[in-house]
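Notes follow the structure.
Bear in mind the structure is a predicted one, so any value in this text is a computation, not a measurement. Convention: sequence-line order gives letters A, B, ...; per-chain numbering from 1.
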Amino acid sequence: MSTPVRVRFCPSPTGSPHVGLIRTALFNYAFARHHGGQIVFRMEDTDRERSTQESYDAILDLWRWLGLDWDEGIEVGGPHGPYRQSERGEIYRDVLARLHESSYTYDCFCTNDEVVARRQASGSKMQGYDGFCRDLTDDQRAAFEAEGRNPVVRFRMPDGSITWNDLVRGDITFESENVPDFALSRANGDPLYTLVNPVDDALMEITHVLRGEDLLSSTPRQLALFAALVELGVAREVPAYGHLPYVMGQGNKKLSKRDPEAHALAYRDQGFVPEGLLNYLALLGWAIAADRDIFSLEEMVEKFDIGDVNANPARFDLKKAEAINVSQMRLLSVEEITHRALPFLKAAGVVGDPVSSADAQLLELAMPLVAERINKLTEAPTMLGFLFVDEADFERHDDLDDTARSVVKTAYDALAGLHEWSTAAIEEALRVALIEGLELKPRVAFGPVRIAATGRKVSPPLFESLELLGRDRSLARLHDAMSDPRSDSQPDSQSD
RNA sequence: GCCCCCGUCGUCUAGCGGCCUAGGACGUCGCCCUCUCACGGCGGUAACGCCGGUUCAAAUCCGGUCGGGGGUACCA
């Protein structure tokens with residue numbers, strides 16, 4: 001009987017959440033759910049300078065939008081709380097005291113400049129802390145304190161080597177001599193990530209740590225600390241570690257917060273569906289099968305194996321992300337697309353909030369026309385606006401030249417006498433008048449009519465659109481278009 | 001400098017010794033479908049960084065080399 005899997009989401013609420021953060025969360029999610037395990041969500045807000053409530057809220061928004069749920073942690077509570085590290089100061093102070101009692105740590109009074117100066121003086125090529133304060137005498141301590149210096153607490157790295165079997169990369173070994181003693185708390189007493197992250201993993205009984213490759217080199221330090229925590233009875237066991245590959249941007253650098261495509265929330269705002277973003281992110285380092293790349297979160301959970309994760313960095317490709325998103329959108333029903341597009345339609349003022357019953361009815365008829373041709377939810381308002389706008393506010397976004405206006409006139413004449421205002425009748429009338437009568441190519445014939453009726457070169461299918469627009473509005477717009485050039489000149493001025 | 005990670009089409013990847021004259025997807029190019037757009041269909045393009053070894057056989061295993069990335073904080 002193996003111990004149940006427990007993983008954690010542990011973002012730092014600094015700035016706008018990054019897609020790499022989501023990728024990491026997604027893999028943790030898939031791993032935990034695949035094994036029927038639990039997910040703990042804690043906020044690592046020990047950096048008081050950079051942590052913000054705004055960022056905290058954005059992270060929660062994002063997780064909820066994506067549907068990455070958790071079992072324990074912020075917002076939902078649990079037996080190992082509180083789940084904001086800023087509220088766990090007491091716990092860290094206690095652990096620090098116990099580590100100190102057992103001489104796992106020591107006070108260090110050095111400034112960074114002093115360390116660098118000593119390194120240079122000795123001609124050492126090593127960097128990082130040199131262990132100067134490891135064995136201070138009482139007199140030395142007193143001297144530093146007399147200077148008014150406050151010490152940081154450093155962890156005493158044990159001798160030997162540290163090896164772990166990385167879930168993604170296999171055996172990795174560091175020699176301790178290459179891992180300098182590191183600080184666990186600031187001189188002002190504030191705990192640092194180096195302490196807080198392993199301590200909480202221990203206390204929250206995390207069994208598997210899947211995190212970004214950027215943290216790989218801090219793993220030997222955490223493992224050494226963990227060994228001490230186990231000795232002290234703070235930790236039950238050392239979790240397994242797996243380091244996920246980087247998400248790269250353009251060129252050969254990490255996708256940074258500077259890159260616009262790094263901001264996860266932007267995808268929601270640009271009209272991606274969560275299924276699309278998640279599916280694309282899953283592809284960054286993992287594949288469900290050799291010949292398939294469209295799948296649901298549920299399918300990912302079912303098939304996910306951390307051992308299958310690729311160790312090499314993946315470049316974020318917006319084009320592919322968009323393509324995957326389109327594929328996911330096509331899998332949604334018209335009703336679902338309508339539901340998802342509604343906030344965008346409201347925001348654009350295409351429909352009111354709440355939606356009137358007339359608009360709701362029209363929407364139900366119109367959405368089938370656009371659901372399968374929009375690639376992002378934000379395209380819905382652009383495509384549907386012409387149907388909902390008041391006639392007084394209707395405007396044409398594309399121009400008509402004289403030839404086009406004469407086509408519109410012919411179309412108007414053909415439609416004005418129509419007995420039945422249906423898609424089929426409209427199409428028949430326009431084809432007879434324009435294709436057969438004027439002998440025009442379809443695109444030359446219908447383009448001007450489209451612009452006249454919808455205001456744009458791109459719209460839902462024309463005949464259906466005219467039917468939905470209704471006879472009166474359609475004819476009025478055509479009439480307006482054929483007689484009202486947007487320039488100063490009048491249409492009949494040239495016949496003088 | 002030192003330490004660690006990584007190396008298959010432009011990009012994401014499949015491949016875990018023979019099924020590979022290396023498969024899929026995105027991109028790109030050409031064609032088809034077509035009332036616009038989007039979708040869709042067909043076809044083309046394009047990769048195992050290099051050098052050694054192990055083996056009857058290597059993209060797959062080993063060593064080296066080169067290249068890329070990260071770390072080397074009182075950030076996370």
Side-chain angles (χ1 to χ4, degrees), chain A residues 10-12 14 44-47 49-51 108 110-112 115 124-129 150-154 166 168-169 172-175 177-180 182-190 192-194 196-197 211-220 243 245-246 248 251-254 280 283-294 307-308 310-324 326-327 329-330 370-375 379 382-383 398 427 430-431 434-435 441-447 449-451 454 456-465:
Chain A
C10 56
S12 292
T14 56
E44 306 222 329
D45 54 352
T46 50
D47 187 336
E49 300 282 298
R50 298 196 299 148
S51 298
C108 169
C110 302
T111 65
N112 193 43
V115 177
S124 166
K125 292 163 299 192
M126 283 283 291
Q127 290 191 32
Y129 191 64
N150 288 316
V152 302
V153 173
R154 269 185 205 284
D166 195 273
V168 174
R169 292 151 208 272
I172 298 176
T173 299
F174 282 77
E175 297 302 326
E177 62 194 57
N178 294 317
V179 185
F182 57 99
L184 295 178
S185 74
R186 290 193 164 96
N188 66 9
D190 284 351
L192 290 166
Y193 165 82
T194 47
V196 141
N197 181 273
R211 37 148 47 163
E213 181 181 351
D214 49 330
L215 293 169
L216 193 149
S217 55
S218 75
T219 303
H243 292 89
Y246 276 103
M248 310 288 284
N252 275 325
K253 42 189 194 341
K254 268 165 67 178
Y280 176 66
L283 261 16
L284 264 25
W286 185 73
I288 197 166
D291 55 357
R292 188 171 161 222
D293 58 12
I294 300 299
D308 290 338
N310 220 147
N312 42 314
R315 202 173 310 279
F316 190 93
D317 182 350
L318 224 204
K319 286 264 184 55
K320 182 152 186 176
E322 288 173 336
I324 297 292
V326 171
S327 298
M329 282 183 72
R330 296 293 178 266
V370 303
E372 62 181 17
R373 44 177 32 91
I374 56 174
N375 290 348
E379 291 165 15
T382 319
M383 276 225 158
D398 291 299
E427 174 165 9
L430 289 179
R431 282 193 188 278
L434 304 177
I435 310 297
K441 294 257 191 200
R443 66 181 303 138
V444 178
F446 302 131
V449 182
R450 180 187 308 285
I451 292 172
T454 71
R456 297 178 186 275
K457 278 187 284 200
V458 176
S459 81
L462 181 60
F463 316 121
E464 285 85 344
S465 295

What's the [atom1]-[atom2] distance between [X] and [N], to the nearest Å?
| X | N | atom1 | atom2 | answer |
| --- | --- | --- | --- | --- |
| A:Asp214 | B:G69 | CG | C1' | 12 Å |
| A:Tyr129 | B:G71 | OH | C1' | 20 Å |
| A:Asp291 | B:C26 | CG | C1' | 16 Å |
| A:Phe174 | B:C3 | CZ | P | 11 Å |
| A:Arg315 | B:C12 | CZ | P | 6 Å |

Which part of the nucleic acid does [X] contact within heavy-atom distance under 4.0 Å: base, sugar-phosphate only, or nothing?
| X | value |
| --- | --- |
| A:Lys457 | base |
| A:Leu192 | sugar-phosphate |
| A:Asn197 | nothing |
| A:Ala187 | base |

Under 4.0 Å from OP1 or OP2 of [N]: is there any side-chain N or O of [X] that close?
| X | N | value |
| --- | --- | --- |
| A:Thr14 | B:A76 | no |
| A:Asn312 | B:U8 | yes |
| A:Arg154 | B:C74 | yes |
| A:Arg456 | B:U36 | no |
| A:Arg373 | B:C39 | no |
| A:Arg330 | B:G40 | no |
| A:Asn375 | B:C37 | no |

Distance, [atom1] atom - from [M] to [N], rounded to whole angstrom:
| N | M | atom1 | value |
| --- | --- | --- | --- |
| B:U28 | B:A47 | C1' | 16 Å |
| B:U72 | B:G27 | P | 38 Å |
| B:U60 | B:A14 | P | 16 Å |

For A:Tyr280 and A:Asp317, indicate whether the former's side chain and the latter's backbone hold a donor-acceptor pair under 3.5 Å.
->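 Present.
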Between A:Ser459 (side chain) and A:Thr454 (backbone), is there a donor-acceptor pair under 3.5 Å?
->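 No, because the side chain of A:Ser459 does not come within donor-acceptor range (under 3.5 Å) of the backbone of A:Thr454.
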Pair assignment for B:G1, Watson-Crick or G-U wobble, requiring both distances under 3.5 Å =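 Its partner is B:U72 (Watson-Crick or G-U wobble, both distances under 3.5 Å).
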Using purine N1 to pyrimidine N3 plus N6-O4 or O6-N4 for Watson-Crick, or N1-O2 and O6-N3 for G-U wobble, each under 3.5 Å, what pairs with B:C26?
->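 Paired with B:G10.
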Is A:Glu213 salt-bridged to A:Arg169, cutoff N-O under 4.0 Å?
->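 Salt bridge flag = yes for A:Arg169 with A:Glu213.
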What about A:Arg450, does its side chain sit under 3.5 Å from the base of B:C35 through a donor-acceptor pair?
->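 Answer yes: a donor N or O sits under 3.5 Å from an acceptor.
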